[in-house]
Amino acid sequence: MPAYTREKTKGGKRDDYYRDRRRRKVCAFCADKTVSIDYKEVNRLRRYLSERAKIEPRRKTGTCANHQRQLAVALKRARVVALLPYAPQHLRP
């Protein structure tokens, strides 16, 4: 029975490294070149809340660190003014 050998390909290790990597998400605020994030833009801010009304992390949304901090402040202000919920709406069956 022949021994199983893996054929060497050009850059084999490199291909294995990039196979599991995903494309980095681009910050939507940097792409739009927005100067500041306004708490009154409820429709835009709603995208950054989960189903449970929690703020989504950077790794999920793709926002940069600077805009994530501004986003958190804007979301919290919108919650205080009652434009966004603190908790998810309860659905009754």
Side-chain angles (χ1 to χ4, degrees):
M1 183 151 223
Y4 290 101
T5 58
R6 192 164 139 179
E7 293 182 20
K8 296 278 183 179
T9 58
K10 189 174 183 180
K13 287 185 180 180
R14 187 174 176 178
D15 292 338
D16 291 340
Y17 177 74
Y18 285 108
R19 181 179 301 143
D20 294 332
R21 300 225 19 181
R22 290 193 168 88
R23 188 166 180 258
R24 183 161 173 90
K25 295 179 182 176
V26 179
C27 177
F29 300 106
C30 289
D32 294 343
K33 295 182 176 145
T34 55
V35 178
S36 63
I37 301 172
D38 191 16
Y39 71 94
K40 292 175 267 186
E41 297 178 14
V42 180
N43 292 331
R44 188 169 192 185
L45 294 178
R46 207 175 286 268
R47 288 190 297 172
Y48 298 97
L49 289 177
S50 68
E51 296 174 352
R52 309 293 253 158
K54 292 182 175 181
I55 300 172
E56 294 284 356
R58 283 182 55 204
R59 66 179 179 272
K60 194 166 183 183
T61 59
T63 55
C64 65
N66 186 27
H67 285 121
Q68 181 70 20
R69 284 190 288 271
Q70 291 179 13
L71 182 66
V73 170
L75 285 166
K76 290 172 186 178
R77 283 182 182 164
R79 285 175 175 170
V80 169
V81 184
L83 296 175
L84 290 174
Y86 276 102
Q89 295 178 351
H90 297 287
L91 300 174
R92 293 186 178 164

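Remember, it's a predicted structure, so these values are computed and weren't measured experimentally. Only this structure's heavy atoms are used, side chains among them; waters, hydrogens and symmetry mates stay out. For reference, positions follow the sequence shown, starting with 1.
- With values rounded to the nearest 0.5 angstrom, E41 atom CD is found 10.0 Å from R47 atom CZ.
- Other residues, nucleotides and ligands contribute over 12 non-hydrogen atoms within 6.0 Å of the CZ atom of R79.
- Contact annotation: the side chain of Y39 never approaches that of V80 to less than 4.5 Å [non-hydrogen atoms, C-beta and beyond].
- For the pair Q68 (side chain) and E56 (backbone), a donor-acceptor distance under 3.5 Å is present.
- Atom-to-atom distance recorded for I55:CD1 and K60:NZ is 13.5 Å, nearest 0.5 angstrom.
- With hydrogens and angles disregarded, no donor-acceptor distance shorter than 3.5 Å links the side chain of K25 to the backbone of T61.
- To the nearest 0.5 angstrom, K76 atom NZ is 10.0 Å from Y86 atom OH.
- Side-chain contact check for R46 versus V42: some heavy-atom pair is nearer than 4.5 Å.
- No side-chain heavy atom of V73 sits under 4.5 Å from any side-chain heavy atom of I37.
- Minimum interatomic distance between C30 and C64 (heavy atoms only, all atoms of both residues): SG-SG, 3.7 Å.
- The distance from the CZ atom of F29 to the CG atom of L71 is 5.0 Å, given to the nearest 0.5 Å.
- Inter-residue side-chain proximity for Q70 and T34 is flagged as unmet; no heavy-atom pair is nearer than 4.5 Å.
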